[in-house]
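Quick note: numbers below take in every heavy atom, side chains included, and nothing from hydrogens, waters or symmetry partners. Both counts, for ligands and for their atoms, begin at 1 and track the order of listing.
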Amino acid sequence: MLKIRSFIFSPIQENTYVLYNEQKDCIIIDPGCYFNAEKDELDAFITQSGLKPRMLLNTHCHLDHVFGNKFVADKYGLTLHLHEQEVALLKYAPASGLMYDLPFDNYQGDFVYLKQGDSLLLGTDELQVIEAPGHSPGHICFYSADGGFIVGGDVLFNRSIGRTDLPGGNHDLLLRNIREKLFVLPDETVVYSGHGPVTTIGEEKKYNPFLN
Ligand SMILES: [Zn+2]
Ligand SMILES: [Zn+2]
């Protein structure tokens, strides 16, 4: 069974997730560590827990989700997994960083492309890739049916949804994807979002003001 550890990183307060199993293999999703102290905090958790990083995943490539890609890739020798339609955003992210006064070095390695229906294995644990564009053009979520959770990026938040006023955003598409791709999951599914506290699919069906 996958366990999950979250960190809140950068002035943008992004949630970074480390998923790990009993064999101490781990997956790092959206490393938003910006400051050296944040990179040290992430590495300290991994090192002190004896974890072996096996995969680096991005739900999408807004700057706050990719600040630490290069650090994680270089440190642990990992190749970035993302949806092909996020590559343009990734390449633009450092320019975006300058506008926010948050300069950073971008990931420069190869890409492994993920798409709807792909299955990622960490030992015997499986993560299913769910495409849910709208907040960004190639946004994907990572669903663990056995674990009863989804790492959802900036699609669905506790009582809110991802913004759609950035390039490639589409409000109607986002709402449709939340209804058709996320709200079909079991109500008790825990949602680990890109920002803010955890929630569940059932709670958001009932209380999310954007979806009533
Ligand atoms: Zn975003
Ligand atoms: Zn974000």
- prompt: Do His139 and His62 have ring centroids that are under 6.0 Å from one another?
  reply: no
message: For Phe7 and Phe45, I'd like to know if the aromatic rings sit close, meaning centre-to-centre distance below 6.0 Å.
response: yes
- request: Mark yes when over 12 heavy atoms from residues, nucleotides or ligands other than Asp101 sit less than 6.0 Å from its CG; otherwise mark no.
  value: no
- prompt: When you check the space around the Zn ion (ligand 2), which protein N, O or S atoms turn up under 2.8 Å?
  reply: Asp64 OD2, His65 NE2, Asp154 OD2, His195 NE2
task: Taking atom types as modelled, find out whether Asp30 and Thr59 have a side-chain donor-acceptor pair closer than 3.5 angstrom.
output: yes
statement: Residue pairs meeting side chain to side chain donor-acceptor pair (under 3.5 Å), one or both in residues 71-88, sequence neighbours left out, come to Asp43-Tyr76, Lys70-Asp74, His83-Glu131, Glu86-Ser136
- prompt: Which residue, Cys26, Pro53, Ser49, forms the side chain to side chain contact (heavy atoms under 4.5 Å, CB included) with Val18?
  reply: Cys26
